[in-house]
S.K.: 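Below is the structure I would like to discuss, written out as structure tokens.
The figures here come from the full heavy-atom set of this structure, side chains too, leaving out hydrogens, waters and symmetry mates. In what follows, chains are A, B, ... by sequence order, proteins preceding strands, each numbered from 1.
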Number of protein chains: 2
Amino acid sequence: MIRRHQQIAEELRVAIAEGTYPVGSELPSESELALAHGVSRGTLRQAFGTLQSEGLIGSRQGARRTVLSTTPSQSFTELRSFAQWARAGGRTPGGLVLRSRRAKATEAQAAQLHLAPGDTVLHVLRVRTLDGEPALLERTVYAGWAAAAVERLPDDCESVTQSLYDEARVLMSHGEHHLDAIAAGTTDARELAVRRGSPLLRVRRTTTTPDGRPVETSDDRYKPGSVVFTVRNSVQANPLVRTTPD
Amino acid sequence: MIRRHQQIAEELRVAIAEGTYPVGSELPSESELALAHGVSRGTLRQAFGTLQSEGLIGSRQGARRTVLSTTPSQSFTELRSFAQWARAGGRTPGGLVLRSRRAKATEAQAAQLHLAPGDTVLHVLRVRTLDGEPALLERTVYAGWAAAAVERLPDDCESVTQSLYDEARVLMSHGEHHLDAIAAGTTDARELAVRRGSPLLRVRRTTTTPDGRPVETSDDRYKPGSVVFTVRNSVQANPLVRTTPD
DNA sequence: GAGTGGTCTAGACCACGGC
DNA sequence: CCGTGGTCTAGACCACTCT
């Protein structure tokens with residue numbers, strides 16, 4: 001199905017990227033563009049809303065919208081899995097499971113995954129690579145109901161998110177991420193080829209299905225220089241993307 | 001002016017926080033709520049859109065919306081300054097300028113701030129505190145046109161963002177943040193009271209006015225344990241908030 | 001098949017910016 | 001003051017979920 005507002009958003013995205021509307025310049029008014037595209041003002045506002053949430057444009061009541069950034073953007077609003085994100089940036093994602101075992105959920109884990117204490121969970125230690133270089137180490141805990149599907153995946157599975165959807169129709173659509181810095185432990189140092197005690201970016205995240213059921217909770221440690229997290233925010237909206245360093 | 005959709009969003013936020021709609025439960029349909037609040041479906045969808053961008057609820061075509069989180073949320077979509085954010089969390093923000101000097105912009109700085117190479121910029125080294133404890137060290141470069149206003153601020157100015165607006169009508173409304181981890185240097189270690197080489201969360205950011213003019217670019221280094229960055233994201237939208245550690 | 005959210009229309013009025 | 005974006009309405013059709 002054709003979504004007019006997505007189509008228009010993409011056209012504007014391209015125009016901004018190509019320099020038709022440079023940073024700081026004003027965009028045509030809603031009415032002008034609505035007329036030009038043969039749609040109602042509502043549909044056009046939907047397209048503008050997308051670009052706004054992507055941080056490409058800003059708006060103030062009474063004045064025309066202005067261009068804030070021309071970054072090519074790809075698919076901003078998407079929650080990208082590591083593999084999807086890597087490929088979008090032209091890099092080759094890889095992964096390898098180092099350890100995988102079932103255990104009983106601790107009280108904290110049960111609370112985070114909405115399980116009963118003592119329920120089964122699956123611990124997975126996985127290293128992720130970019131173009132063959134180790135980039136991050138994941139310590140993931142999957143809820144028991146998803147464990148079987150995860151265990152069926154090959155050890156070098158490239159995209160867990162994708163595979164879990166393809167194989168078991170488990171869609172991970174929402175996430176909460178906590179970012180801070182931490183010193184590399186012994187395991188971190190060995191698997192990421194850094195010195196013990198060197199700085200790592202830690203992301204603790206919980207991912208849920210569209211109806212809010214937690215699938216996994218994870219402690220991911222990123223090697224500096226391999227990945228940079230980028231956040232664009234404004235008074236109106238705040239998307240997050242992962243990027244490679246400049 | 002009364003914004004119906006904001007009012008309704010707030011009512012729903014409260015209902016979710018109070019447990020009327022627990023995590024994982026379904027919300028009433030758009031038509032039901034529109035009727036109940038005496039508004040059109042469009043207005044109601046606007047309210048739902050706000051909650052969605054706050055990560056509180058999720059939606060799938062064909063099924064009712066579900067509650068993803070009950071976190072009280074405060075003002076998610078706002079881009080909060082350090083001081084505003086700290087106060088919202090019930091903590092006392094502080095700040096102290098350690099060094100301030102004018103210089104000529106390097107080529108990189110000129111590009112980032114949209115200045116001509118050789119234009120004047122203002123370098124400021126500032127330590128920020130939470131409840132009196134050093135939490136981060138800021139190395140900020142202000143564009144020349146904003147320098148005079150910044151220099152007029154007291155050394156212990158609590159909120160630079162607020163003061164710049166009050167004093168010079170400079171509104172910092174958009175920002176781009178790059179997050180990674182870095183080892184503490186000599187200055188970092190001294191001012192943040194950590195060991196040299198210990199991990200810090202680095203945020204490199206550029207802030208602009210609503211029309212896209214860059215005001216400042218900064219290298220901020222956060223002491224671990226003082227601040228955690230939290231990102232909620234979904235297929236639909238991605239807000240960012242800073243939080244204190246759990 | 002009934003109900004739901006996603007899209008779209010063609011109007012209207014208001015608050016704000018800038019001339 | 002006019003043009004702009006922000007809000008709101010009352011309809012309509014479609015894609016999808018669930019039973």
Side-chain angles (χ1 to χ4, degrees), chain A residues 1-10 12 21 24-53 56-68 77 165 169-171 173-174 209-213 234-237, chain B residues 1-10 12 21 24-53 56-68 77 169 171 173-174 209-213 234-237:
Chain A
M1 190 55 199
I2 316 154
R3 260 77 140 215
R4 276 316 255 124
H5 72 95
Q6 286 185 0
Q7 220 172 70
I8 295 170
E10 182 54 26
L12 288 171
Y21 306 113
S25 70
E26 286 185 345
L27 289 162
S29 75
E30 293 180 357
S31 344
E32 278 177 60
L33 284 174
L35 191 64
H37 286 87
V39 298
S40 76
R41 209 184 132 209
T43 302
L44 200 109
R45 280 178 64 79
Q46 220 176 332
F48 267 155
T50 306
L51 300 196
Q52 240 162 282
S53 79
L56 289 179
I57 63 176
S59 72
R60 305 130 66 205
Q61 194 171 53
R64 291 193 171 194
R65 287 181 167 77
T66 55
V67 178
L68 296 173
T77 51
Y165 181 70
R169 285 290 173 273
V170 174
L171 178 57
S173 72
H174 297 82
T209 59
D211 56 351
R213 197 153 57 133
S234 73
V235 179
Q236 295 128 5
Chain B
M1 191 54 199
I2 316 154
R3 260 76 146 212
R4 264 334 243 117
H5 73 95
Q6 285 185 0
Q7 219 171 72
I8 295 170
E10 182 54 26
L12 289 170
Y21 306 114
S25 69
E26 287 184 345
L27 290 162
S29 74
E30 293 179 357
S31 344
E32 278 177 60
L33 283 174
L35 191 64
H37 287 87
V39 298
S40 78
R41 209 183 132 211
T43 302
L44 200 109
R45 280 179 63 79
Q46 220 176 332
F48 268 155
T50 305
L51 300 195
Q52 243 163 276
S53 78
L56 289 178
I57 64 175
S59 73
R60 304 133 63 206
Q61 194 172 55
R64 291 194 172 194
R65 287 181 167 75
T66 54
V67 177
L68 297 173
T77 52
R169 284 290 173 274
L171 178 58
S173 73
H174 296 84
T209 59
D211 55 352
R213 196 153 57 134
S234 74
V235 180
Q236 294 128 4

S.K.: Using a cut-off of less than 4.0 Å, is there contact between a side-chain N or O of B/R65 and OP1 or OP2 of C/dG6?
M.R.: yes
S.K.: Please check the phosphate of C/dT4 (OP1 and OP2 only) for any side-chain N or O of B/R64 closer than 4.0 Å.
M.R.: yes
S.K.: Please determine if a side-chain N or O atom of B/Q61 lies less than 4.0 Å away from the OP1 or OP2 oxygen of D/dT17.
M.R.: no
S.K.: I need the NE2-C1' distance between A/H37 and C/dT9, as an integer number of Å.
M.R.: 17 Å
S.K.: Below 4.0 angstrom from OP1 or OP2 of D/dG6, is there any side-chain N or O of A/S59?
M.R.: yes
S.K.: Of the candidate nucleotides D/dT9, C/dT7, C/dG18, which contains the atom at the shortest distance from the side chain of A/Q46?
M.R.: C/dT7
S.K.: Distance check needed: D/dT9 C1' versus B/L44 CG, whole Å only.
M.R.: 13 Å
S.K.: If you take all heavy atoms of A/L51 and A/A9, which pair is closest and at what distance?
M.R.: CD2-O, 3.8 Å
S.K.: Distance criterion of 3.5 Å, no angle test: do you see the side chain of B/R41 paired donor-to-acceptor with the base of C/dG6?
M.R.: yes
S.K.: Nearest 0.5 Å, what's the NE2-CZ distance between B/H5 and B/R45?
M.R.: 14.0 Å
S.K.: Mind listing the closest non-hydrogen atom pair of A/A47 and A/I8 along with its distance?
M.R.: CB-CG2, 3.9 Å
S.K.: Considering non-hydrogen atoms only, spot the tightest contact between A/F48 and A/P28 and give its length.
M.R.: CZ-O, 4.1 Å
S.K.: Within the structure shown, what part of the strands sits under 4.0 Å from A/R45 by heavy-atom distance: base, sugar-phosphate, or nothing?
M.R.: base
S.K.: Are any side-chain N or O atoms of B/R65 and backbone N or O atoms of B/Q52, one a donor and one an acceptor, separated by less than 3.5 Å?
M.R.: no
S.K.: For A/A63 and for B/S29, locate the closest nucleotide of DNA chain C by heavy-atom distance; then report the residue assigned to the nucleotide nearer the 5' terminus.
M.R.: B/S29
S.K.: Rounding to a whole Å, what distance do you find between A/I57:CD1 and D/dT4:P?
M.R.: 15 Å
S.K.: Can you identify which nucleotide, out of D/dT9, C/dC8, D/dG6, has its nearest atom closest to the B/S40 side chain?
M.R.: D/dT9
S.K.: I need the CZ-P distance between A/F48 and D/dT7, as an integer number of Å.
M.R.: 16 Å
S.K.: Does B/T43 put a side-chain nitrogen or oxygen below 4.0 Å from OP1 or OP2 of D/dT9?
M.R.: yes
S.K.: Using whole Å, report how far CZ of A/R3 lies from C1' of D/dC13.
M.R.: 14 Å
S.K.: Just how far, in rounded Å, is C1' of C/dT9 from CG of A/L35?
M.R.: 14 Å
S.K.: Between B/R4 (side chain) and B/G38 (backbone), is there a donor-acceptor pair under 3.5 Å?
M.R.: no
S.K.: Once you round it to whole Å, what is the distance between P of C/dT4 and CG of B/L27?
M.R.: 13 Å
S.K.: For D/dC18 and B/R60 - does any side-chain N or O of the residue sit under 4.0 Å from the phosphate oxygens OP1/OP2?
M.R.: yes
S.K.: If you pin A/Q6 and A/G62 to their nearest nucleotides in DNA chain C, which one's is more 5'?
M.R.: A/Q6
S.K.: Looking at C/dG17, D/dT7, C/dG5, which one has an atom nearest to any side-chain atom of B/E30?
M.R.: C/dG5
S.K.: Rounded to the Å, how far apart are A/R4 CZ and C/dG6 C1'?
M.R.: 16 Å
